[in-house]
Asks: 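If you scroll down you'll find the structure; I have some questions about it.
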Protein chains: 2
Amino acid sequence: MTRRGAGERVVLDDVARRAGVSTSTASRALAEDRRISAATRRAVREAAADLRYVPNATARSLRARRTRTFGLLLADLSDPVHGLVAAGFEDEAARNGYRVAFAAGQGDDGRERRSLRLFAEQAADGVAIASTLLDPTAARRLVPGGRVVIVQPDSPRLPRDRRTTIRGVVRTDDVAGMEAIAAHLVACGYRDVAYVGDGVRTSDVVRRRALERALAAGSAPMPVRWVRAPDEAWRAPGPVVDAILAAVPDVLVCFDDKLALSLLDGLRTRGVRVPDDVGVVGFDGIPYAEISNPRLTTVVTPAAEMGRRAAAILIAAVQTGTMPEAETLPVALVVRESTRVRGDGKGKVALGG
Amino acid sequence: MTRRGAGERVVLDDVARRAGVSTSTASRALAEDRRISAATRRAVREAAADLRYVPNATARSLRARRTRTFGLLLADLSDPVHGLVAAGFEDEAARNGYRVAFAAGQGDDGRERRSLRLFAEQAADGVAIASTLLDPTAARRLVPGGRVVIVQPDSPRLPRDRRTTIRGVVRTDDVAGMEAIAAHLVACGYRDVAYVGDGVRTSDVVRRRALERALAAGSAPMPVRWVRAPDEAWRAPGPVVDAILAAVPDVLVCFDDKLALSLLDGLRTRGVRVPDDVGVVGFDGIPYAEISNPRLTTVVTPAAEMGRRAAAILIAAVQTGTMPEAETLPVALVVRESTRVRGDGKGKVALGG
DNA sequence: TTGTAAGCGTTATCAA
DNA sequence: TTGATAACGCTTACAA
C-alpha cells in the first residue's frame, strides 16, 4: 500500500514522503512559498527531481477552478492565414503559461457549436474564434464565462466599421486597405475595375462596398463591376475565369490572395497576361503572394499578430475580469508585379470605356 | 448555501437535485446506464437540459485517469505541410472524441522538451510530434506512459529505410519518391542533375542519397551534383541562386516545395527560364505547387493523411496498450510544367495543355 | 433500480 | 514554519 508499483505515476505524496514532510508542505515548497524554510524547500525540490515528479495539471485545475488553457477554433488549419493566426496565438499563449487546445470548424455551424461545447467542458479559461459566422453574443452564450474573442468576425450582425465600439474582437482595417487599393488603381490609370468575390460573406461585402465607395469618392468617380465567385471558387477557378473573359476589365480586385493566385493560374491557362492584359490585386498578404509569377500586389494583413493580440486580449480578460474593446489592426498595400501603371492611352485599348 | 449564485457553474449535484435523484443516479442516467429506468433517465436528461448543464471534463479526467486529450507538437504551425498534418490529426482525433492540445517547437530543442513536459502535466493520453530531431526513445522518456508517435522523424538515430521495423512512427516513402523522380529525369533526357538541400537534416540526407543511388543504378549512370542550401534558404534564395548560376545544371531537384518555389522566383529574377534553361523538381506537394508559374513537378506526400494516421495510431495504442508498428505512406510523382522532355529541338510547350 | 461514500491529486483554510 | 483536513466535481464499488 505504501509503495507504488513501477508503472504508477509519482504524485505529490511520494515527494512529501521522500522529503520527510507533509503533502501540504511539499505543495508549498514546490510553489516557492516564502513561509517554508529554505532548507525544506531545497529538500522537497530534490525529492521531486529524484522521483521525476510531474505535477498533475488536471488535479490542479480542478482545485484552482482554472485550467490555464485557451481554446482556439478556426475554420481550417491548413489555410495559410489561419495557420499564421494559430501560430501567433499559440506563441503568445505559451509565453504566458497557457496551453492551447484547438478545433477546426470547417465553416460548419454544427461543428463550431460542438467544438465550443468541448471547450466549455474542458473549462477553457478563454476561447478565440477565427472567421466564424457566429457573432460574439451567440458565441459567448456557448462558453460559460463568456470569455470569447473573435478574430476577423464574419457575422452579418456585427458592425465592422472602425467607429463602432464592441468588445472581444480583433480585426483588420479592411476599409483602409480597400482605400489604399483604390488610390493605387487610380494612380495606375485603371478605369474598368471589377471586384471578384462571393457577395455573401460579410467580410466580402464589406470589402466590396469599401472599394466601391472609395472609387466613387475620387475626383473621377469610377463604378465597380462585380464578378461573382462562389466561396470555394479558388479551388476550381475555371467558371470565374470564363466570366472574366466575357468582358475583360482593366483590373481585378479579389476578395483574398487565395482567389487572386488561383485566378493568376486560371488566366494564364487561357492565355491572358497579367499585368499586360489585366491587373490583379489580392488581399491578405499570404507568404506565397511574394513569390508568385507575377508577384501579387496585395494588402498585407498582420495574421500572426492578430493571433497574438487575440491571446493577449484573453489574458487581459482573465486578469482584469473585463473583456477589452475591439482592436483594429493596420494593413499595408504592397505593390508588386501584378498591377502597373498603364500607358497614356497607348498599348491596350480599354474595353469597359 | 443550497442555492448557487448566478455566476456559479451548474454541476451534477444541481441536476440531480432538480430531477429529484442522487448524484450517482444522475451520473449514470447521463451515461445512459441501462440499470437506470428509462423514466429516470429522461427526467435527468431534461433537468440537465433545463439547467444547461455542462459536465466538467477536468473532474471527469481526474477520476477516470485519462483525459481524452492528445498533444501535438510541431515545428511551425504556419508551414503548409505542418498545417495539413495538424488538420488531419485534429480531424481524426475529434472524430474519435479526443481533444487536441498543440504546441510549436520552432525547431528548438529546449522548447520541444518544455512542450512535452506540458503535455505530460496535462496527462495527455498520447502525443504526436512532427519533424523533430528527437528520436522516439528520447521523446518517450519525456512522456509518462511513452505513448508517442513521430511523424516524419528527422532523427539521425532513426533508420528510415522501409525494411527496418520500429514502433510509433509515420513517414512517407521518400526513397520511392526519389526513385520516381530519377526515372522521370532519365525519361526527360536530363544529364546534369543537381540536388539542392542543406545536407544536415536526416530527411535531407535520405532524399539526396536515394536520388544518387537511383540515378547511379540506371543503364546510363549519372552523378548528382549537390548545391548547398541552408535550412532556411527558401526565405532568401539569393545566395543559392548565385551558386546555381555559377554552373547551371539541366535540372534542380529540391529538398522540398518551399525551396523549389522560392528558387522558381529567384531564378526568374535573374532571367533564368524554367523549364527552358533549367528544370525544377520539388518534394511534398503543397497546395501552391499546383498553381505556380510554371506549375511545379513534385512528389506529392499525403500530409493530412499522415496526421490522420498519427491520431489513429495513438487511438489504437490507447485501446490495445501497445504501440503499432511504423507506417510508411505512399507518395506520387506529379509531372507538371517545371520539367519537360529535352532536346529534339521542339519549341515551347503550349500553356494550359 | 437507486443511494451512500470513497477517492482521483491538488491547494487552501485553519490550527498548532 | 509546518501539518491535518476539507474541498474541487465527477465516477464507481458497495449497500440497500
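Below, chain A is the first sequence line, B the second, and so on; all start at residue 1. Please read these numbers as outputs of a predicted model, since none were measured by experiment.
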Asks: If only side-chain N and O atoms count, and only distance matters, is there a donor-acceptor pair under 3.5 Å linking A/Asp154 with A/Ser131?
Replies: no
Asks: For B/Ile36 and A/Ser27, take the nucleotide of DNA chain C holding the closest heavy atom to each; which residue's nucleotide lies nearer the 5' end?
Replies: B/Ile36
Asks: In residues 50-61 of chain A, which ones come under 4.0 Å of DNA chain C, going by heavy atoms?
Replies: A/Tyr53, A/Pro55, A/Asn56, A/Ala59, A/Arg60
Asks: Polar pairs (N or O, both sides) under 3.5 Å between protein and nucleotides 13-16 of chain C?
Replies:
from: C/dT13; atom 1: O4; to: A/Arg28; atom 2: NH1; distance (Å): 3.2

Asks: Want to settle it: does B/Ser22 or B/Ala64 sit nearer the 5' end of DNA chain C, counting the closest nucleotide to each?
Replies: B/Ser22
Asks: Can you tell me which residue pairs pass the ring-ring contact (aromatic ring centres under 6.0 Å, His included) test with a partner in residues 33-81 of chain B, sequence neighbours excluded?
Replies: B/Phe70-B/Tyr98
Asks: Within this structure, what is the CZ-to-P distance between B/Arg68 and D/dC10, rounded to whole angstrom?
Replies: 17 Å
Asks: Whole Å only: how far is the CD atom of B/Gln122 from the P atom of C/dC8?
Replies: 22 Å
Asks: Does the distance from a Lys or Arg side-chain N to an Asp or Glu carboxylate O, for B/Arg113 and B/Asp109, drop under 4.0 Å?
Replies: yes
Asks: Starting at atom CZ of A/Arg17, determine the distance to atom P of C/dT10, rounded to an integer number of angstrom.
Replies: 12 Å
Asks: Within a strict 4.5 Å, meaning less than it, do heavy atoms of the B/Pro55 and B/Leu12 side chains meet?
Replies: no
Asks: Heavy atoms within less than 4.0 Å of DNA chain C: which residues of residues 38-46 of chain A have one? Give them sorted by number.
Replies: none
Asks: Output yes when at least one side-chain N/O atom of A/Thr23 is less than 4.0 Å from OP1 or OP2 of C/dT11, else no.
Replies: no
Asks: When you compare the side chain of B/Val170 with that of B/Leu329, does any pair of heavy atoms fall below 4.5 Å?
Replies: yes
Asks: So, B/Ser203 versus B/Gln152: side-chain donor-acceptor pair below 3.5 Å or not?
Replies: no
Asks: Report, one line per pair, each donor and acceptor closer than 3.5 Å where one atom sits in a side chain of residues 115-124 of chain A; sequence neighbours left out.
Replies:
from: A/Ser115; atom 1: OG; to: A/Arg111; atom 2: O; distance (Å): 3.0
from: A/Arg117; atom 1: NE; to: A/Glu121; atom 2: OE2; distance (Å): 3.2

Asks: How long is the line joining CG of B/Leu62 and P of C/dA6, in whole Å?
Replies: 17 Å
Asks: Closer than 4.0 angstrom, basic N to acidic O: yes or no for B/Arg95 and B/Asp91?
Replies: yes
Asks: The side chain of A/Arg65 is closest to which nucleotide in this list: C/dT11, C/dG3, D/dG9?
Replies: D/dG9
Asks: Could you check whether atom CZ of B/Arg66 has more than 12 heavy atoms from other residues, nucleotides or ligands sitting under 6.0 Å from it?
Replies: yes
Asks: At what angle, to 10 degrees, do the two end axes of the helix from C/dT1-D/dA16 to C/dA16-D/dT1 meet, given five pairs define each axis?
Replies: 40°
